[in-house]
Amino acid sequence: MDSILDGLNSAQRTAVTSPASILQVLAPPGSGKTKTLTARVAYLLSHHDYRPQDVICCTFTIKASREMRERLSKLIGNQLESKLILGTFHSICRRYLVAYGHLIGLKKGFGIADSNDSLAVIKKIIKRLRLGIQANTARFRISSQKAQGIRCEELMVKRSKSSEQEEFVRVYQAYETALSNSNLLDYDDLLLRCADLLQKHPQCVSNVQAVLVDEFQDTNRIQFDLMNLFAARNRRITIVGDPDQSIYGFRSAEIKNLTRMQKLYRDTSVVILENNYRSSGSILSSAEDVIEQDTSRPTKKLHPTHGVGTLPVLRKLSTAAAEAQWLTLEIKRCIALTGNLLKYSDFAVLLRSASLSRQIESEMGKEGIPYRMVGGFRFFDRAEIKILLDYLRAVSHPEDSDTLIRVINVPPRKIGEETVKLLTTGAEEAKMSLWVFVKDVAQGRRSTKKGLSKAAERGLGNFLGLVETSKQKLLECRDDTAPRRLLEFIIRRLSFREFLKTAYPLDEENRWANIEELLAQAGDASNPAASPGGDDHLPGIDGLEQQQGHPGHEALTRFLANIALSTEITSDDSSKEKVTISTIHAAKGLEWPVVFVPAVYDGIIPHSRAEDADEERRLLYVAMTRAQALLYLSFPRRDSKNGDDTAQSSFLPPNIVDNRFRATGPKFHEKAVYGIADILRRPRPAIEEMLKGMSGLPSVEDDRWTADGEEHPGAVPKWDSSRALPPTYECSWAKRRRVDQEDRPKSCTYLASASYTMNNQASFSISNTLSVGFSTARQHMATQESTTSDRASIEEVNGVPNKITATSHIDSGLTQGTISTFFGQIGAKRTASKSPSLVNRQPVKESQDDEYAQINRFQASRDILQPTVPENLSDHRIQPQRWLPSRPTAEPSKPLEYTWLSALPKPEANPPSIASQQKGGNSFENTEMRTEAENDEIKRSQGSLDSIQSAATYHPATMPIIRQAGPTTGRKTLGIRRGMNGWADRMSKANNKNA
DNA sequence: CGTACACCCTTTTTT
DNA sequence: AGGGTGTACG
């Protein structure tokens, strides 16, 4: 049973086993937060005998809930995890509203309005009421009012002070009416209405024994209320969070909730996790320096468990284009010089905003670096996908007139603006929904003021027929396959592929591939895009009736809801080695061996439109703490838009930069590479591998640009590996290489480095498994796995003490007090109890760069080397604890375990043949009813559709790479035309304009 | 009346 | 790349 506690450090154990009924776990980056939370769930189940269906576990992203479920299935087994009420706040609330919404007068089968829907509704209102307010501002304001639980009735009662406020309240009110007429709930409504429900009918959660909340610092007011309502009966709550990682204030998250919770529950216990198992010491130090500029924040220290490692880089480049070039080149340099230690999938580029990806994507495309973009564009927002989803919505949810209007003339049915206007006003006057009105008109029971044209009438008939027969189909299908069957039916009836051909003649294959992906997502009930898995049911409660609907229809609404609630799709892309490009927000909770954070200049970070500078700083902190071994920040000195000079991010003042960063990429000498390998817990690469990599590079150093970011005087304009090298280039390349070789003969290089290792060894008097020179790496590799003590010794070679015992003083589990006093206590105790271990917090001077930059091979080969141990390491003594085999290994650094991308096995691409298109003349619609034979065909095609490439593969900008990848991908013609060329065109256009 | 085409704008972060 | 607007044509 207590295998649950295996691999946890003492602080984590304290948290997991805490008898406290109200528990806060404060978990800084890389401290094993998810591990602790999952273990806590398992512990509560086993030690308190709670039934899994009586435990609610809330996360913020679908990704996080999926990961938790996966981990729990390993930990508790027996499919128990599938019974847990686990999901995002929004999805859990939706579940309760589906089951019990009737108790608060919610109409059955409500749909979810995503932000696009909301915006569209608001735009319409503003137009109708002729108001001056900006639609986006209105939406934002409505959302923040709702997040604080302020309804529009409350605002209406108050006498509004300004005409502007009055205007807003009118929009708010009209918005609420519009949503309710369409039987839609927006994101905030899901929370708000669920809180309503639980307030009025607490018996709905009368079974709940324990409530757990992840990323608590990101909860808003309503979510806080919900947590308490969920836990109303048994008052057992565990939250995990970190105020420093609160980056959702713009969405009304309130860090205050931490103290609010402590006030509400006087017996709150707090446990803090301090050991960082993710990042190198120097990365951690730099991140701490950044976050500590926030003086309002209680100080708190992180304890690195890894060596100092390689100093982070802050790189200046001339322009964003140069930045992108440098970045791709640096990725190549990293891979080449670390001798197969790093793969593409070990790299992440983290951006403040998704739009910054353009230049990087295009550069990677050019250089043949495979990548995937996360965040930003949603798969489900693509035009062709949206059309089909809107049809599904129209079928599931015909009250929603906006959706109806969106597809009523797609593909073109001769139903133009004027006809739509006639229909909507007609419906309004008859006081019925558009759908009912249209039906009456089409079936001749009613007519519009002005008669419709013959063509429009026919089109309307077709449209109606399609939706009606689709409904019929849906009723016939009583299981989870409904969404997919329905999609297939609609695609067939629309002759959708024909439509795509006409609508997007250059791009049809690409878009069709997206449709196939959509089908795959819809068909795969066990792993649909967005379904968090597990069953969607709430446990039955005596005396309470759950609403039951048609199972097929429920499967459909669930599918649509999951799409609305999912940020990005699951794509089992993991078998492909790809660099990840992501927004910082979407990267939360993840880690990579190497992280790039471009565009760290004022206006981007902090963003010019951001209201809360502290939150922007935390964002940078989150980005930096994603890195395990190497961290690169960079920015262009000139803004690419207007050519203005940029100012280095104000979060990176000179005093921090001077101490914590180098100006150019590190030299990957043996020592640095080994340090990286050790942090990643990977075998150290062989010297030969490292040497091999050098030959493919234009230069082994990051010297194509000067440290100030200008193109290097001697360098040739463009290094483009995909083309043949121009003669001039080859010339200078050769020259530069010769210089390299003269100055740094390979034979000397590593001997020097090894001799340093030897010195290091001697002064620490450790590890006899390491010997001298070239044999070091190989011998290490041979022995590495076999002994645990060896691992410890590696870290000592890196020159940093391991801090296993550092957190022992908090093991007792602190109770009461505010967070700040709590932090205060910790801080005080620490400085009193263990001064020598503060080594890592001291500025790393350039002389200690890369641990020992001045002792690099260059100097060593000239006998300049003074093999002294850097001052801040000289008082190191090996602590006996380090030799204990029981060293905790929380959060092992296996990056792929953290990425949603690796979640699933990868089926082989197998172009399906659903494309059985009918040639039906010019009309896209096949008005024939489907026959049994067709049913069979769809059944057959399902088989082949199960194996389909992931959607991320079809990200438009990813396309060029697929082509480069060649025959293995199986699709050679995918969307190249659209992918990059559009951008290149635009860019050259823009340039011409400027010139 | 409906459509096709050319031209403007824009893009912080997300459930 | 989409969305919105404006103009010319069937």
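Nothing here was measured: the structure is a model prediction, and the numbers come from that model. Chain A is the first sequence line, chain B the second, and so forth, proteins listed ahead of strands; every chain is numbered from 1. Scope of the values below: all heavy atoms of this structure, side chains included, with no hydrogens, waters or symmetry mates.
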Item to complete: Can you tell me, in whole Å, how much space there is between the P of C:dT5 and that of B:dT11?
Response: 15 Å
Item to complete: Specify whether A:F230 and A:F89 have parallel, tilted or perpendicular ring planes, treating 30° as the upper limit for parallel and 60° as the lower limit for perpendicular.
Response: parallel
Fill in: Aromatic ring of A:F250 stacked on base six-ring of B:dT13, 5.5 Å, 30°
yes
Worksheet item: Are A:H585 and the base of B:dT13 stacked, counting only ring centres nearer than 5.5 Å and planes tilted under 30°?
Response: no
Worksheet entry | Phosphate OP1/OP2 of B:dT10: any A:N136 side-chain N/O under 4.0 Å | no
Discussion item. Quick check on B:dT10: is either OP1 or OP2 less than 4.0 Å from any side-chain nitrogen or oxygen of A:S355?
Written reply: no
Worksheet item: Is any NZ, NE, NH1 or NH2 atom of the basic residue among A:E615 and A:R618 found under 4.0 Å from an Asp or Glu carboxylate oxygen of the other?
Response: yes
Practice prompt. Check salt bridge (charged side-chain N to carboxylate O under 4.0 Å, His left out) between A:D189 and all other residues, then give those that pass, not counting sequence neighbours.
Written response: A:K146
Worksheet entry | Residue list, salt bridge (charged side-chain N to carboxylate O under 4.0 Å, His left out) with A:R406, at least two apart or on another chain | A:D117, A:D390
Using a 4.0 Å heavy-atom cut-off, does [X] contact any base of the nucleic acid, only the sugar-phosphate backbone, or nothing at all?
| X | value |
| --- | --- |
| A:T419 | sugar-phosphate |
| A:E615 | nothing |
| A:Y248 | sugar-phosphate |
| A:N409 | sugar-phosphate |
| A:K450 | sugar-phosphate |

Fill in: Under-3.5 Å donor-acceptor pair between A:R352 side chain and B:dT13 base
yes
